[in-house]
Amino acid sequence: MMSEPLKKVDIEELQYLTRFVSDKESHLVIKDHDICKTKCKEKYCTVFCPGEVYKWEGDRMFVGFEGCHECGSCRIGCPFNNIEWRYPKGGLGVVFRLA
Amino acid sequence: MAEKFDVIIVGAGPAGSAAANVLAKAGLKVIMIERGEYPGAKNVMGGVLYRHQLQEIIPDFLDEAPLQRPIVEQRFWMLDENSAFQFGHKDLSWAKPPHNNFTVFRAQFDQWFAKKAVEQGALLVNETVVTEAIVEDGRVIGVRTDRPDGDIYADIVILADGVNSLLAKQLGFHKELKTSEVALATMQVINLPAEKIEDRFNLEPNQGATIEVFGDSTKGMVGTGFIYTNKDSISIGTGTLLSDLVKNNVRPHELLETFKQHPMVRKLIEGGEPKEYLAHLIPEGGYHSIPKLVGHGVMVVGDAAQLVNGIHREGSNLAMASGKLAAETAIMAKEVNDFSENVLDTYRIKLMESFVGQDLKKYKDATHMMAKQPQYFNEYLPLLNRAASEMFTVDGTSKWDKQKKIIGMVQERGMFKTAIDLYRMWKVMK
């Protein structure tokens with residue numbers, strides 16, 4: 001599809017632009033860590049998530065829910081339907097200030 | 001016993017606040033429940049809001065609504081790696097009231113629009129998540145929230161809870177969304193002085209321009225790039241079907257960064273300071289993805305009802321239109337004191353008869369076709385650019401020979417195949 005690779009992004013720098021008010025507990029829960037490990041070779045969520053919330057740590061999926069934009073892509077895009085997705089508690093989570 | 005309302009509205013976005021304005025003005029007892037710190041805190045839009053549906057609800061909105069720039073020019077780019085086939089339309093009458101559309105910041109606009117409903121007597125409760133609809137004997141009679149003792153009751157619940165609409169899903173109105181039914185959009189707001197924006201986009205003060213970019217902006221995936229002018233900033237973003245992102249293993253924020261650095265785009269935002277990064281889903285399934293809209297005591301509006309016209313990038317105006325129609329139906333239901341699906345179905349009928357239903361019907365197969373036939377984005381747009389470059393490069397070749405060469409490019413694809421593709425495109429757009 002692409003003749004040249006896409007430009008790399010420092011996700012930390014990008015996410016720093018956005019305001020997040022973190023809850024103590026995650027609103028994103030991996031239902032079965034074993035599925036990520038044994039069934040999902042591609043680890044799609046670690047790629048398409050716009051906040052790079054999901055990171056594969058060799059044997060376990062790390063979920064950095066604090067940087068979640070609450071778009072819903074991971075709930076829909078996980079081919080194993082392995083992500084339990086709720087809204088953060090009222091007032092918490094992402095707080096968009098502009099657009 | 002918990003307090004009872006005439007209508008509970010879940011979500012204070014454009015659909016919810018439109019409904020709240022109409023209902024409160026008619027004297028109904030209305031509560032809006034918003035999960036964000038304020039209305040708009042969870043909402044994202046490239047930024048173009050159409051005037052007409054807003055004016056039907058707030059006739060004098062121009063005096064007070066927080067707007068960025070009225071749009072006077074809409075441009076379209078068919079982008080390739082080093083070229084762009086461009087067209088557009090500029091109409092200076094759009095610079096004058098009543099205008100056609102505006103760029104807006106949703107965090108500001110949604111707060112204002114909700115406040116207008118509060119001024120009419122609606123109650124707005126922020127920072128509260130509705131966790132489920134309370135159903136009794138097959139009727140929706142209220143909602144459960146994440147507050148202590150947080151059950152609230154009403155004759156009617158209007159679900160304006162956005163694209164993910166977990167509540168409509170809970171009620172069985174729709175199944176889980178498919179990756180081919182939604183676009184994941186990422187965008188940035190980049191500060192730039194007003195004079196620079198006006199110079200770079202050929203604008204007078206208080207005039208705005210929009211550029212929709214197809215082709216290389218999404219690397220041939222089904223979607224668009226966009227560049228919109230605000231007062232002192234540019235909104236720039238890319239949105240592609242989630243299915244295409246997954247299939248092509250693309251990071252959406254890298255796609256956006258690549259678009260920002262494209263040689264045709266770079267100079268427009270040069271020297272700007274990124275202020276915010278946002279991601280959101282856009283319902284792109286259109287007509288075929290509209291869920292069940294009405295049940296006993298409940299109606300679904302806005303993005304929750306998947307009411308987006310992706311071809312014309314209209315959504316917030318469809319949301320307002322649906323909110324208004326749902327509210328008018330609720331007022332009528334209150335008069336006859338009957339909140340059954342049969343009565344509330346008036347909303348669905350009116351919605352489908354209105355421009356909302358008609359426009360979605362017109363383009364009902366467009367996105368689906370493009371998702372299945374990637375050649376429009378990844379073959380024809382580059383071909384168009386090559387043909388234009390060929391025709392406009394003066395190199396001693398006669399125009400007849402150039403024409404032959406261009407026809408040759410089409411023949412490479414196959415004349416018959418191309419004719420079928422053209423017919424197919426016409427069929428889904430007509």
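Heavy atoms only: backbone and side chains are in, while hydrogens, waters and symmetry mates are out. Naming: A, B, ... by sequence-line order, numbering from 1 per chain.
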Report task. Verify side-chain contact (heavy atoms from CB on, under 4.5 Å) between B/Arg251 and A/Ile11, making sure each step is shown before the conclusion. Result -> CA-CA 11 Å; B/Arg251 290 186 195 280; A/Ile11 190 71; over 6 Å; no
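- Per-residue counts of heavy-atom pairs under 4.5 Å with chain A were compared for B/Val163, B/Val129, B/Thr131; the largest is that of B/Val129.
- With a 4.5 angstrom heavy-atom cutoff, B/Glu276 touches chain A via backbone and side-chain atoms both.
- When heavy atoms are compared at a cutoff of 4.5 Å, B/Lys178 approaches chain A solely by way of its backbone atoms N, CA, C and O.
- Side-chain atoms of A/Thr18 and B/Leu278, non-hydrogen and from C-beta on, never get closer than 4.5 Å to each other.
- Ranked by heavy-atom pairs under 4.5 Å with chain A, the list B/Lys42, B/His280, B/Met45 is led by B/Lys42.
- Only the side chain of B/Tyr38 has a heavy atom closer than 4.5 Å to any heavy atom of chain A.
- At a 4.5 Å heavy-atom cutoff, B/Asp216 makes no contact with chain A through either its backbone or its side chain.
- Using a 4.5 Å heavy-atom cutoff, the side chains of A/Gln15 and B/His253 are not in contact.
- Each of B/Asn230, B/Thr145, B/Asn249, B/Leu245 has some count of heavy-atom pairs under 4.5 Å with chain A, and the biggest count is that of B/Asn249.
- Contact annotation for B/Thr128: only backbone heavy atoms (N, CA, C, O) come within less than 4.5 Å of a heavy atom of chain A.
- Applying the 6.0 Å contact sphere to CG of A/Asp32 captures more than 12 heavy atoms from other residues, nucleotides or ligands.
- Heavy-atom distances place both the backbone and the side chain of B/Val44 under 4.5 Å from chain A.
- Of the listed residues B/Asp110, B/Val104, B/Val246, the one with more heavy-atom pairs under 4.5 angstrom with chain A than any other is B/Val246.
- A distance of 8.5 Å separates CG of B/Leu184 from SG of A/Cys49, quoted to the nearest 0.5 Å.
- The candidate with the highest count of non-hydrogen atom pairs below 4.5 Å against chain A, out of B/Val189, B/Leu166, B/Val182, is B/Leu166.
- Here B/Ile282 contributes atom CD1 and A/Cys71 contributes atom SG; the two are 11.0 Å apart, rounded to the nearest 0.5 Å.
- The two residues B/Tyr277 and A/Pro50 have their closest heavy-atom pair at OH-O, 2.6 Å.
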Query - Verdict with reasoning, A/Lys8 to B/Thr258, per side-chain contact (heavy atoms from CB on, under 4.5 Å) - result: CA-CA 8 Å; A/Lys8 290 288 163 214; B/Thr258 308; over 6 Å; no
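- Between B/Lys219 and A/Glu4 there is no salt bridge, since no side-chain nitrogen of the basic residue lies less than 4.0 Å from a carboxylate oxygen of the acidic one.
- More than 12 non-hydrogen atoms from other residues, nucleotides or ligands lie less than 6.0 angstrom from NZ of A/Lys43.
- Only the side chain of B/Leu242 comes within contact range of chain A, with at least one heavy atom under 4.5 Å from a heavy atom of that chain.
- No other option in A/Gly77, A/Cys45, A/Gly72, A/Ser73 has as many heavy-atom pairs under 4.5 Å with chain B as A/Ser73.
- Of the two parts of B/Gln188, only the side chain, counted from C-beta on, holds a non-hydrogen atom closer than 4.5 Å to a non-hydrogen atom of chain A.
- For the atom pair OG1 of B/Thr179 and OH of A/Tyr44, the computed distance is 10.5 Å after rounding to the nearest 0.5 Å.
- For B/Glu254 and A/Lys7, the salt-bridge test fails: no basic side-chain N is under 4.0 Å from an acidic carboxylate O.
- Listed in order of number, the residues of residues 51-60 of chain A that approach chain B to under 4.5 Å between heavy atoms are A/Glu52.
- No other option in B/Pro274, B/Gly162, B/Gly36 has as many heavy-atom pairs under 4.5 Å with chain A as B/Pro274.
- Annotation: side chain of A/Val47 is not in contact with side chain of B/Val250 (no heavy-atom distance under 4.5 Å).
- Within residues 78-99 of chain A, the residues having any heavy atom less than 4.5 Å from a heavy atom of chain B are, in residue-number order, A/Trp85, A/Tyr87, A/Pro88, A/Lys89, A/Gly90, A/Gly91, A/Leu92, A/Gly93, A/Val94, A/Val95, A/Phe96, A/Arg97, A/Leu98, A/Ala99.
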